[in-house]
Amino acid sequence: MARYNVREVEAKWQRIWQERQCFAAGADADRPKYYVLEMFPYPSGRIHMGHLRCYTLGDVIARYKRARGYDVLHPMGWDAFGLPAENAAMEKGVHPAEWTHANIAVMRDQLKSMGLSIDWSREFATCDPDYYRHEQHMFLVFFEAGLVAREEGWVNWDPIDQTVLANEQVIDGKGWRSGAPIERRKLPQWFLKITDYAEDLLAGLETLERWPERVRLMQENWIGRSEGAFIDFDLAGRNDRLSVYTTRPDTIFGASFCAVAADHPLADELAGSDAELAEFIETCRRLGTSEEAIETATKEGRDTGLAVRHPFVDGLELPVYVASFVLMGYGTGAIFGCPAHDQRDLDFARAYGLPVLPVVIPHDADPAAYRIADEAFLGDGVLANSDFLDGLDVEEAKRKVTERLQANGAGRGAINYRLRDWLVSRQRYWGCPIPIIHCGDCGIVPVPRQDLPVVLPEDVDLAAPGNPLERHPTWRKVDCPRCGKPSERDTDTFDTFIDSSWYFARFCSPKASAPVERGAVDRWLPVDQYVGGIEHAILHLLYARFFTRAMRRCGYLGVDEPFAGLFTQGMVNHVTYRTEDGEWVEPAEVEHLAAGGFARAGTGAPLIAGRVEKMSKSRKNVVDPSDVIDAYGADTARWFILSDSPPERDMEWTDAGAHGAYRYVGRVARLIEEAADQLPGTGVPAPAKFSDDARMLRRATHKAIAAVTDDIEQFRFNRAVARIYELCNVIGAAANDDGWARRESIETLLRLIAPMMPHLAEEMWQRLGHDTLLIDTPWPEPDPALLVDERVTMVVQVNGKLRGRLEMPRDAAAETVEAAARDVPNVQAALAGRSVRKAIVVPNRLVNFVV
RNA sequence: GCGCCUGUGGCGGAACAGGUAGACGCGGCAGACUCAAAAUCUGCUCCGGGCAACCGGGUGGGGGUUCGAGUCCCUCCAGGCGCACCA
């Protein structure tokens, strides 16, 4: 028997599929469409196990849907702009473009070696001027549509990456990429008005039924909708008002102070003439926003000396503080404090000796005796000490006080969001240039459409810190398109998350002269199944949802939601090894000792197996997918990654597991080799009658079809794999008396395996004598008649305890079953001397005697 | 603090819709083949007792509902994730 040569076979089929253009999308407009997309990779150098897992999952879906008769779009591209290219430029002196393209070349080959069913004719990289020219164009269209704002405000400055960051990119007070503590800076920047869509993005989540609940919840929290009111307090002695936001307008009669954020304009103004206040404001700004900082920080404030008038109580004035716990980024950056019903306000009031007046009395409390100790009361109750609100419950009081505020011109009901506008300017080189010209006379002038794209200059000095575009001797200098005077280009580039906010739309018509071709996006969008990591739950997925809405508003496409189905896959982990000195050791250097334990290859030094962790260079627990593919082949790598764990859960990569998958490849190859020459031909009709053994084999075969189909539909690939093993075991054990049934079972096995191990399946399909490709063969359909058994095994219980089993014809009458159950010897013994109070018969399942 | 998720053999995990717990794989043990190794094949493998048929226990802990609970309810514990001075 010729040994199955993995490398040759895999290369052969990859070549044939490519030559026949098997994966070109849009070949058949009569078929229903199916768009499968995995999050495109950043070309960092080589693919890693996370890529292998993600693209394998997507490929199984794509191949399965293709077999089910869909016209499948399954493209691939490169999220090619970003900081690592600039860092590489600084470290190695290679230009970012060169570095990026070299990485793409390597990674493209690696992906192709996986045997993915990708339409490579649609490939592009976001750093291609032919891609980003459209991005610039759309930005200008958005600009004209009022979706873009230029604002000077406090922004997040990353001192290591030397750029500003969006709110979503600040994690626990640190830059998402550099990890550096974020500083606050005041700069004029470009924003996309995602807040215009806050309500719509929230409402849209309801429609995303095929998204993980977890992701929808995270987005909901991030958008952070709250209902409340703005209240405008008159400032005593000034012809000015202080506007605050509150979700508890009902507690207005319990207000004992107002407080503004350190960054509030009023604080800013007062600091000019109050050195002590100015110093306090500085202290607040330096305060971290990390968890520890918040936990340990005390509620501090400084009295400004100003006071506001209570909107409903004549003559009552409340002091105005600058307070450390008030955030400029939420609401108006100012609050009124009601200590009795807000814990922070209570802490603050106790620290500064302010009054604490309860105005909501718990239902079970005595109004006359009710006092607040050191815990604010947040629950529902009856309003008291509150003039026209007395006796109402909280909801009624909110409504009534909001009405009254509105009538008095002192406020209004409002819905507030935590979501901020998306800051998209970056002071970096390797990104899409912002197509704006700043003219001393005309102000902000869009680059004329015919001058697009604004191409990145190649001759830049990347060695020094800061923005190379700003330093470039000539690039920024340009005449104003409006008045002709010497002007300057915007030297910022776009956040790379813009690049990934519409690439899925570009894939529909990647060569179009406009950003998208309407007919193409109308056919293909939304993406039917999107696959990627949970880490993009907010960032990329929220931005893309917004961008799709913006594109729709400007007539580019007709959908709101870009991704109808989302699957978030788990991470690939690996055990870590260390020497006794604590030095990390790569898996390749580890020797498994026969006596158990591990030693370092070469030196023999003992090693300690540590925790199973996410693969990372620093822990030296990385396994390169290409090493696995070279050694065992793509089918093995794909099979193992699918078989090990449910795809949404983290999995552990183990050599033993990979090896086991490789053994299975050999087992299938042997099974077919041994059977191939003995089976009847491909076109032989089914016999009129089957033997009992053949019927059993056929039942197992058709049950496997039904089960695997169901499992794939529900992304339970590990279970599908188990079902296939079961079928294989049955085939191996079955009596070989009916060639037709045997051919049916073996061919079914190959067809079920095909989405997961496409090369092996295709090769063996050919070996069985087919002259058509398996890739062009439809998915098998189970015969419903073969899915039900003629006889069933029923369980007999006594008081819920298993006492025996029973073979019965399917759907036997309850009395028959019960009588037979009583006759089971072991059951007789268990029932001896006891009277049966009740017998429960569950058809085809069990009998339970209650004694 | 708020919200969410997960706890099943040595390991990854399976168990429709409350009805045989542990499918399938990994690992392990025993055997066959072999001069030997690799590869392959066969059998066993939740724990305790028993030669065996069987018996008892068992899905993080405790309680409840039910003829019957891994599954439903309450509660506690452990691990993980998200958000967080959000007014």
Side-chain angles (χ1 to χ4, degrees), chain A residues 3 171-172 212-222 224-226 228 244-249 251 259 261 287 289 291 293-295 297-299 323-327 329-338 341-345 347-348 416-418 534-535 537-538 612 639-640 643-646 648-652 654-661 663-664 666-667 670 707 710 716 718-729 732 793-806 825-826 829-830 836-851:
Chain A
R3 211 170 141 70
I171 315 289
D172 203 19
E213 182 60 28
R214 197 152 72 107
V215 176
R216 292 192 292 180
L217 214 74
M218 281 162 72
Q219 292 213 355
E220 192 181 313
N221 289 340
W222 186 261
R225 181 184 197 273
S226 72
V244 309
Y245 177 73
T246 178
T247 55
R248 292 299 300 276
T251 63
L287 272 181
T289 48
E291 191 176 344
I294 290 164
E295 297 262 304
T298 49
K299 314 253 172 304
S324 61
F325 64 93
V326 180
L327 305 173
Y330 188 78
T332 60
I335 61 158
F336 82 74
C338 176
H341 305 293
D342 182 289
Q343 193 58 46
R344 284 158 309 164
D345 295 349
D347 295 345
F348 191 79
N416 193 45
Y417 299 93
R418 208 183 74 100
I534 187 82
E535 66 273 17
I538 293 176
V612 176
W639 187 251
F640 173 57
S643 67
D644 184 71
S645 296
E648 70 278 6
R649 226 179 279 183
D650 289 355
M651 65 169 287
E652 184 190 351
T654 59
D655 289 345
H659 197 250
R663 281 207 310 250
Y664 185 64
R667 189 177 157 198
R670 263 192 314 278
D710 191 48
R716 300 196 289 205
N718 59 319
R719 235 171 57 153
V721 165
R723 295 295 202 167
I724 289 170
Y725 275 120
E726 274 177 358
L727 175 61
C728 205
N729 290 344
T793 304
M794 296 183 69
V795 170
V796 187
Q797 298 179 336
V798 176
N799 282 344
K801 285 202 180 295
L802 179 68
R803 285 295 180 255
R805 282 166 230 274
L806 191 57
N826 205 45
V836 173
R837 282 196 290 132
K838 200 155 99 176
I840 290 150
V841 180
V842 182
N844 300 322
R845 275 234 132 92
L846 62 69
V847 183
N848 187 13
F849 293 110
V850 187
V851 295

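In what follows, every chain begins at residue 1, and chains take the letters A, B, ... in the order their sequences are listed. Reckoned from all heavy atoms, side chains included, excluding hydrogens, waters and symmetry mates. As the structure is a computational prediction, the values presented were derived from the model and not from experiment.
Within the model, atoms CZ of A/R649 and CG of A/D644 stand 11.0 Å from one another, a figure rounded to the nearest 0.5 Å.
Nucleotides B/G62 and B/A14 have their C1' atoms positioned 27 Å apart, rounded to a whole Å. B/G50 and B/C55 are spaced 9 Å apart, taking the C1' atom of each and rounding to whole Å. Across the C1' atoms, B/G18 and B/C73 are found 13 Å apart, a figure rounded to whole Å. For the P atoms, the distance linking B/A39 with B/G56 amounts to 43 Å, nearest Å. Across the C1' atoms, B/C54 and B/U65 are found 32 Å apart, a figure rounded to whole Å. For the C1' atoms, the distance from B/C85 to B/G79 is 28 Å, rounded to whole Å. Rounded to whole Å, the separation between the C1' atoms of B/G58 and B/G70 comes to 11 Å. Comparing B/G9 with B/A21, their C1' atoms are spaced 11 Å from each other, to the whole Å.
Whole-Å rounding puts the A/N844 CG to B/G19 C1' distance at 12 Å. The separation between A/E648 atom CD and B/C81 atom P is 17 Å, rounded to whole Å. In this structure, A/W222 places its CH2 atom 15 Å from C1' of B/C81, rounding to the nearest Å. Here the P atom of nucleotide B/C5 and the CD atom of A/E213 are 8 Å apart, to the nearest Å. In this structure, A/Y664 places its OH atom 16 Å from C1' of B/C26, rounding to the nearest Å. In this structure, CZ of A/R216 is placed 19 Å from P of B/G3, rounded to the nearest angstrom. Following rounding to the nearest Å, A/N718 (CG) and B/A14 (C1') show an atom-to-atom distance of 8 Å. For A/Y725 and B/C26, the OH to C1' distance is 9 Å, given to the nearest whole Å.
A donor-acceptor contact under 3.5 Å is formed by the side chain of A/R344 with the base of B/A87. The base of B/C5 does not come close enough to the side chain of A/R649 for any donor and acceptor atom to sit less than 3.5 Å apart. Below the 3.5 angstrom threshold, one finds no donor paired with an acceptor across the side chain of A/N221 and the base of B/C83.
B/G58: no Watson-Crick or G-U partner with both key distances under 3.5 Å is found in any strand. Using Watson-Crick or G-U wobble geometry with both donor-acceptor distances under 3.5 Å, B/U6 finds its partner in B/A78. Under the Watson-Crick or G-U wobble criterion, with both distances below 3.5 Å, B/C72 is paired with B/G64. Nucleotide B/A53 forms a pair with no other nucleotide shown, judged by Watson-Crick or G-U wobble geometry with both contacts under 3.5 Å. Across the strands present, B/A38 finds no partner; the criterion is a Watson-Crick or G-U wobble pair with both atom distances under 3.5 angstrom. When both pairing distances are held under 3.5 Å, B/C29 makes a Watson-Crick or G-U pair with B/G43.
Contact annotation: the side chain of A/I335 never approaches that of A/Y330 to less than 4.5 Å [non-hydrogen atoms, C-beta and beyond]. Counting only heavy atoms from C-beta outward, the side chains of A/S643 and A/Y664 never approach each other to under 4.5 Å. In this structure the side chain of A/Q343 reaches within 4.5 angstrom of the side chain of A/D347, judged on heavy atoms.
What you find for A/R418 and A/W222 is that their closest heavy atoms are NH2-CE3, 2.6 Å. Residues A/G228 and A/Y245 come closest through the heavy atom pair N-OH, 3.4 Å.
Taking 4.0 angstrom as the limit, A/N729 places none of its side-chain polar atoms (N or O) nearer than this to OP1 or OP2 of B/A23. The shortest distance between the side-chain N/O atoms of A/R845 and the OP1/OP2 oxygens of B/G18 is not below 4.0 Å. Under 4.0 angstrom from either OP1 or OP2 of B/A14 there lies no side-chain N or O belonging to A/R716. Contact annotation: A/K801 side-chain N/O to B/G57 OP1/OP2 distance is under 4.0 Å. Dashed line: the shortest gap from a side-chain N or O of A/R214 to OP1 or OP2 of B/C83 is not under 4.0 Å.
As judged by a 4.0 angstrom heavy-atom cut-off over every strand, A/V795 is placed among the base-contacting residues. The residue A/R723 sits apart from the nucleic acid: no heavy atom pair falls under 4.0 Å. Nucleic acid contact class of A/R803 (heavy atoms, under 4.0 Å, all strands): sugar-phosphate only. At the heavy-atom level, A/N826 lies under 4.0 Å from the strands shown only through sugar-phosphate atoms. Using a 4.0 Å heavy-atom cutoff across all strands shown, A/V326 reaches at least one base atom of the nucleic acid. Using a 4.0 Å heavy-atom criterion, one finds that A/Q343 contacts no nucleic acid atom at all.
Annotation: of the two residues near RNA chain B, A/V842 and A/A656, the 5′-most nearest-nucleotide partner is A/V842. In this structure, A/T332 and A/V721 both approach RNA chain B, and ranking their closest nucleotides by distance from the 5' end singles out A/V721.
In the set B/C24, B/G13, B/C55, B/G13 carries the atom at the smallest distance from any side-chain atom of A/S645. Out of B/G3, B/G19, B/C81, the shortest distance to the side chain of A/I840 is found at B/G19. When each of B/C54, B/A87, B/G68 is scored by its nearest atom to the side-chain atoms of A/N848, the top-ranked nucleotide is B/G68. Which of B/U40, B/A87, B/A84 sits closest to the side chain of A/I335 comes down to B/A87. Checking B/C85, B/C24, B/U40 against every side-chain atom of A/L327, the shortest atom distance belongs to B/C85. Each of B/C24, B/C67, B/C85 was ranked by its minimum atom distance to the side chain of A/E726; first place goes to B/C24. In the set B/U20, B/C26, B/G3, the nucleotide with an atom closest to the side chain of A/R663 is B/C26. Between B/C24, B/U40, B/G13, one nucleotide has an atom nearer to the side chain of A/R670 than all others, and that is B/U40.
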Evaluation steps, side-chain contact (heavy atoms from CB on, under 4.5 Å), between A/E220 and A/R216: CA-CA 6 Å; A/E220 192 181 313; A/R216 292 192 292 180; 6.0 Å; no

Please assess A/V850 against A/N799 for the test side-chain contact (heavy atoms from CB on, under 4.5 Å), listing each intermediate value before the final yes or no. CA-CA 5 Å; A/V850 187; A/N799 282 344; 3.8 Å; yes

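A syn orientation is assigned to B/G9, its glycosidic angle lying within 90° of 0.
Not a single donor-acceptor pair under 3.5 Å links the side chain of A/N416 to the backbone N or O of A/S226. With hydrogens and angles ignored, the 3.5 Å screen pairs a side-chain donor or acceptor of A/D345 with a backbone N or O of A/C338.
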